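All remarks here apply to the structure that follows.
Source: prediction; values computed, not measured. Throughout, protein chains are lettered first and strands after them, A, B, ... in sequence-line order, and every chain is numbered starting at 1.
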Protein chains: 2
Amino acid sequence: MRVSIKDIARAAGVSHSTVSRALSDSPLITAETKAQIKRIAREMGYTPDARARSLVMGETRTVGVVVTTIADPFMAPVVQGIESTAYENGYSVILASANSDPARELAAVEMLQSKRVDGVIVTASRVGALYQDHLGRIGVPVVLLNNHSEQSGRYLYTVTVDNQHGARLATQHLIELGHRRIAYIAGPADHSSNAGRMEGYRQALTEAGIPFISDLVAQGDGKMDAGMRALPALMDLAERPTGLFCYNDMTAIGVLRAARQLGIDVPRDLSIVGFDDIAFASFITPPLTTIAQPQFEMGQQAMQMLLTRIRQSPDAPISDILIEGKLIVRESTRRRA
Amino acid sequence: MRVSIKDIARAAGVSHSTVSRALSDSPLITAETKAQIKRIAREMGYTPDARARSLVMGETRTVGVVVTTIADPFMAPVVQGIESTAYENGYSVILASANSDPARELAAVEMLQSKRVDGVIVTASRVGALYQDHLGRIGVPVVLLNNHSEQSGRYLYTVTVDNQHGARLATQHLIELGHRRIAYIAGPADHSSNAGRMEGYRQALTEAGIPFISDLVAQGDGKMDAGMRALPALMDLAERPTGLFCYNDMTAIGVLRAARQLGIDVPRDLSIVGFDDIAFASFITPPLTTIAQPQFEMGQQAMQMLLTRIRQSPDAPISDILIEGKLIVRESTRRRA
DNA sequence: TTGTACGCGTTATCAA
DNA sequence: TTGATAACGCGTACAA
C-alpha cells in the first residue's frame, strides 16, 4: 500500500497538515517535531504524490515533446537537449511520437492536454500548417522547433535553424571551389525547411551570376532512398553537375551509395554537401562536408524558451530564435578539376 | 480558465455526476441528455483531467523510461518501439535520461515514483547491480532492458539480447573464414553485456581448439575513441591478429578510423566484426559485418512485458525474454589470405 | 434515470 | 505552533 501524509500523521500522532508543513520545511514547525516527522516519513518509505500536489498547485512541472520519430539521427540529440534542460529546471518530459500521422499527432496533443502539461514543444512536421488552430487552443505555451509557422499566434514561439543561411553557405562553398553546374536534391515539398534551403541555394547562385536551371533540382523527401533514386537522373543530364547540395545528410548518404554503384567517384567526379551534420556524417566515406546544426543546443534553447513562456505572463515579448548553422568542410568536396 | 465537469454541469443544468456518467458513456443515461451533455462539453472545449481521474482510478496509464542517453544510435529505435507499443495500448511515456550519473539515475526513479507511473523500463546501465534495491522498492513493475540482473526480484523482469550467443556467432564467423589469431576489444568492464560477449568469444575459440590469449583482449568502453586507442597496441603485437571482434559497432567504427590512419586495410589486413547493427553500420566503408539486434522489436517486447506485469497479479509467472541477434555479413570481413 | 456525498493526496486558509 | 476544513477534478456507492 502506498503511504500518504495521512498515514504518517497517524503514525506521528499529529494532523496531516502538520506533516505537510514539516515535509515542505515550513518555518512554523518546531525543529524537533519536524525532524521526527521526516524520520517517520523516511522509515515508511514515503514519496510525495505529484498528481495530488499538481492538482492544488496548478502546475505539473511536466512538459510534452511531440516528435515525428526519435529514431531519427537528427532528432535524438535535440530531444536530449530538451530533456537535459528540463531536468536541470525540475521538469520532466512526456514523449510522444506522431510518425507523420495526423491522427496520431492529434491524439498526442490531446493526451498532453489531459495530462495537463505546463507546455509543449513540437518538432519538425507540418503541425505548424495543419494543426496551428489546435495548438493555439491548447491553453499552454507551445514552442515550435525547426518548424516555421507563418502566423505565430499568441502561444506560438519558434526555435529554427536558418535554412536559407545554411543553404547559402553550402552553395557558396561549392561555387568557391569552382563549380558552376550545381544541383540540389530537395526535401519534402511541404516543409518550409525545404523552401528555405531551396531559396538559399538560388540566392547563392544568383549572387555568383550563375543561372538557375530547374533540371538541376531533383525531388526528394529527406530519406536515404530519395538520394539513391535522384542521382542517376542528374548524372544522365547532357551536362552533368559537378557539385551537389543535398537537402540533408541522409539524402547525401543515399547519393554516396548510388555514386559507388554507378562508379562515380566522390569528390573527384562530384562534390557533395549535406545538411545537419548528423553523428555519422564524419564516419562515412568520404567524410561528408555539411552544414552543422547545434542539435543539443537547439533542444536546450527550445526548452529554455518554453520555461520563460511558462513563467512569464503570456504576453511578455520574446523574439523567436534563429540559429545559424556553420559549414564543416570534410572530404566530400574538392576544387573542380 | 480550464473547464471542468462542474462547469459543464452548471451549463447543462444537471449534476456533475451526470456529466461524468454521460461522458464515459454510462448506460444509465438517457441518449438524449447524453448527446446534449456531449455537445456542451465539445462547445466548451472540455478535456478530461487525467491527474484527477488517475487519483481516483488508481492508475496513471503512464510508464517511465530510464535511459542513459537517447542520443545513442542504438537506444533511439528501442525507445521508439517502447513508445509505439505504449501508444497502441493507451499509455504514455515519461522519458528520463541518466547520463550514467548515479545521482541523476536516482533522481529519475524518484521523479517517476512521485508521478505515480504504472511501470518502469530501465535500459542498459549498471542499475541492475547498484540500484536493484531501490528499483525493488519502487512499488510498480520494472522491466530491465538489455541489462542482466543476477537476482531478479519480485518486480524485476528482463528483455536482453543474448550476448553470449551473438559473440559466438561473430567469432565463429571469423574462424570459418580461416582466422586463428582473433582479438577482442571489450566494452565497459562492469557491464554484464561485456561479460557475456567475452564469454561467447572464449567459447567459440575453445570449440575450435584455438587457445585463448589474454594479450589479444583490449580494454574498451563501447565508445568510438576506445576503438581508436585500442587498435595500435593490438597491431604492435609480435603476432598480429588477423581477425577482430568488437564489443559494439561504435568501437568498430573507431577501429576503422584508426586503421585508415595506420594504413591497415580492412578487410585485407584485418577482418572486423561489430555488434548491434546500428543504422549506420551499412553506410560506413567498408560496410560492417556485425550482429544485428532487433532494436525496435526489443522495445516493443519490453513494453509488452511491462503491460502484462501491470495487468496481471504481481506473482504471475513470466519468463524473461532472451532475444537472439543474427549475423549480418557485409564487407569488413573476408577469408584469411 | 439522476442527485448527494464521499474519497483520492495534496496545499492553503482560517481558527484556536 | 498546530488542527479543522475547504479546495483541486474526477468516479462511484448509495439514496431517491
Only counting residues at least two apart or in another chain, list the ones meeting salt bridge (Lys or Arg N to Asp or Glu O under 4.0 Å) with A:R21.
none
Are A:T62 and A:K115 close enough that a side-chain donor and a side-chain acceptor fall under 3.5 Å?
no
From OH (B:Y46) to OG (B:S4), nearest 0.5 Å:
7.5 Å
Kindly calculate the angle separating the two end axes of the helix from C:dT1-D:dA16 to C:dA16-D:dT1, each obtained from five base pairs, and round it to 10 degrees.
50°
Polar side chain donor-acceptor pair, B:S17 to B:S20, under 3.5 angstrom:
no
State whether the side chain of A:T123 and the backbone N or O of A:V66 hold a donor-acceptor pair below 3.5 Å, judged by distance alone.
yes
Find the distance A:L28:CG to D:dG3:P and express it as a whole number of Å.
13 Å
Describe the nucleic acid contact of B:S15 in one word from base, sugar-phosphate, nothing, applying a heavy-atom distance below 4.0 Å.
base
List in chain and number order the residues that pass side-chain contact (heavy atoms from CB on, under 4.5 Å) with B:S24, two or more places apart in sequence or in another chain; answer none if no residue qualifies.
none
In short, salt bridge (charged side-chain N to carboxylate O under 4.0 Å, His left out) pairs touching residues 22-32 of chain A with sequence neighbours left out are A:D25-A:K34, A:D25-A:K38
Which residues in residues 39-48 of chain A have at least one heavy atom lying under 4.0 Å from any atom of DNA chain D?
none
5'-most contact on DNA chain C: B:T18 or A:V3, nearest heavy atom basis?
B:T18
Gap between atoms CD1 and P, on A:I5 and D:dA4 respectively (whole Å):
14 Å
Contact list for DNA chain C against residues 6-13 of chain A - heavy-atom distance below 4.0 Å
A:K6
Does B:A76 have any side-chain contact (heavy atoms from CB on, under 4.5 Å) partners at least two apart in sequence or in another chain, and if so, which?
none
Salt bridge (charged side-chain N to carboxylate O under 4.0 Å, His left out) pairs, two or more places apart, involving residues 61-90 of chain A
A:E59-A:R61, A:E83-B:R104
Exercise: do B:T60 and B:D118 side chains pair donor with acceptor under 3.5 Å:
yes
Does a side chain donor of either A:T158 or A:D320 reach within less than 3.5 Å of an acceptor in the other side chain?
yes
N/O-N/O pairs, protein side and nucleotides 12-16 of chain D side, under 3.5 Å:
from, atom 1, to, atom 2, distance (Å)
D:dA13, N6, B:R21, NH1, 3.3

Just to be sure I understand the rule, does A:I29 reach a base, reach only the sugar-phosphate, or reach nothing, if contact means heavy atoms closer than 4.0 Å?
sugar-phosphate
Hey, does the side chain of A:T30 come within less than 4.0 Å of D:dT2's phosphate (OP1/OP2), counting only N and O?
yes
Where does the chain B footprint on DNA chain C start and end, counting 5' to 3' with a 4.0 Å heavy-atom cut-off?
C:dT1 to C:dC8
From the list B:M303, B:Q300, B:Q304, side chain to side chain contact (heavy atoms under 4.5 Å, CB included) partner of B:I82 resolves to B:M303
Please report the distance, rounded to the nearest Å, between CD in A:Q36 and C1' in D:dT1.
16 Å
Would you say B:R51 and A:S54 are linked by a side-chain donor-acceptor pair, where the criterion is simply a distance under 3.5 Å?
yes
Looking at B:Q80 and A:I70, would you say the former's side chain and the latter's main chain have a donor-acceptor pair under 3.5 Å?
yes
Non-neighbouring partners of A:E43 that pass salt bridge (Lys or Arg N to Asp or Glu O under 4.0 Å), sequence neighbours left out
A:R39
Find which nucleotide of DNA chain D each of A:V14 and B:S4 is nearest to by heavy atoms, and output the residue with the more 5' nucleotide.
A:V14
Please list, chain by chain and in numerical order, all residues satisfying salt bridge (Lys or Arg N to Asp or Glu O under 4.0 Å) with A:D7, sequence neighbours excluded.
A:R10
